[in-house]
Amino acid sequence: VQLQASGGGLVQAGGSLRLSCVASGRTFRDLDMGWLRQAPGKEREFVAGISWSGGTQYYEDSAKGRFIISRDNAKNTMYLQMNNLKPEDTAVYYCATGPFRSRQPDEYNYWGQGTQVTVSS
């Protein structure tokens, strides 16, 4: 499966961004998926995950109440709506297929190329 992430950019603290991840090459609706991120000098970390149907979402504590993960299987696309962004959210954000409740990046198998999110204070 091929994944293409987009939607990153530069935003001020308190602002919002919506990331998108378009999948191709395999039946998207069969895939549990997640968003992960990697900040400069830090290890890649889990942000949010969503089941193949979209019926179940799972969030890292830092994302709860601010980020919303969703998907549109008809469009082969997953989203991450990020609100009330903070400077510590600055990172490269990746979409990936894998066990959507897992916080372990190694358990995700197919990855998109990443999209940069920069939050200024």
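Quick caveat: nothing in here was measured; it's all calculated off a predicted structure.
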- Query: Under a single-linkage definition using a 4.5 Å side-chain heavy-atom cutoff for Ile, Leu, Val, Met, Phe, Trp and Tyr, are Tyr79 and Ile50 assigned to the same hydrophobic cluster?
  - Reply: no
- Test item: Asp89 and Arg66 side chains (from C-beta on) under 4.5 Å apart, heavy atoms: yes
- Query: Is the backbone N or O of Gly8 less than 3.5 Å from a side-chain atom of Thr115, with the two atoms forming a donor-acceptor pair by type?
  - Reply: yes
- Report yes if some heavy atom in the side chain of Trp35 is under 4.5 Å from a heavy atom in the side chain of Phe67; otherwise report no. no
- Give, for atom OG of Ser53 and atom CZ of Arg71, the distance between the pair rounded to the nearest 0.5 Å. 7.5 Å
- Item | From Arg37 atom CZ to Thr90 atom OG1, the distance as rounded to the nearest 0.5 Å | 9.0 Å
- Report, as yes or no, whether the 6.0 Å neighbourhood of atom OH on Tyr59 holds more than 12 heavy atoms from other residues, nucleotides or ligands. yes
- Is Gln81 reaching over with its side chain to a backbone N or O of Ile69, donor-acceptor style, under 3.5 angstrom? no
- Message: For a quick test of reading the model, state the closest non-hydrogen atom pair linking Ala96 to Leu36 and the distance between them.
- Response: CB-CD1, 4.0 Å
- Message: Between Leu19 and Val11, is there shared hydrophobic-cluster membership here, with clusters defined by ILVMFWY side-chain heavy atoms closer than 4.5 Å?
- Response: yes
- Message: When you compare the side chain of Gln2 with that of Val22, does any pair of heavy atoms fall below 4.5 Å?
- Response: no
- Query: Does Ser102 reach the main-chain N or O of Pro99 with its side chain, forming a donor-acceptor pair under 3.5 Å?
  - Reply: no
- Apply the test side chain to side chain contact (heavy atoms under 4.5 Å, CB included) to residues Val119 and Glu88: give CA-CA distance (whole Å), side-chain angles for both, the deciding distance (0.1 Å), then the verdict. CA-CA 8 Å; Val119 184; Glu88 52 264 43; over 6 Å; no
- Message: Any heavy-atom pair between the side chains of Leu31 and Val1 that's under 4.5 Å?
- Response: yes
- When you measure from the side chain of Thr97 to the backbone N and O of Tyr110, does any donor-acceptor pair fall under 3.5 Å? yes
- Query: Under 6.0 Å from the six-membered ring centre of Tyr94 and within 45° of its axis: does the NZ or CZ of Arg44 meet both?
  - Reply: yes
- Do the charged groups of Arg101 and Asp32 touch, with an N to O distance under 4.0 Å? no
- Task: Check whether any side-chain heavy atom of Met78 lies under 4.5 Å from a side-chain heavy atom of Phe28, and answer yes or no.
- Result: yes
- Message: Test side chain to side chain contact (heavy atoms under 4.5 Å, CB included) on Ile68 and Leu80; report intermediate values, then the result.
- Response: CA-CA 6 Å; Ile68 301 171; Leu80 185 67; over 6 Å; no
- Message: Taking the basic N atoms (NZ, or NE/NH1/NH2) and the acidic carboxylate oxygens, is any pair closer than 4.0 Å for Asp61 and Lys64?
- Response: yes
- Task: Look at the side-chain heavy atoms of Ile, Leu, Val, Met, Phe, Trp and Tyr, link any pair under 4.5 Å apart, and say whether Tyr108 and Val92 land in one connected group.
- Result: yes
- Got Arg18 and Met82 here, is their nearest side-chain heavy-atom distance under 4.5 Å? no
- Spacing of Gln4 atom CD and Cys95 atom SG [to the nearest 0.5 Å]: 8.0 Å
- For atom CH2 of Trp52, is the number of surrounding heavy atoms from other residues, nucleotides or ligands below 6.0 Å larger than 12? no
- Query: Say you draw a straight line from OG of Ser51 to CD of Gln57; how long is it, rounded to the nearest 0.5 Å?
  - Reply: 6.5 Å
- Qualifying residue, where the test is salt bridge (Lys or Arg N to Asp or Glu O under 4.0 Å) with Arg103 and the options are Glu45, Glu43, Glu60: Glu60
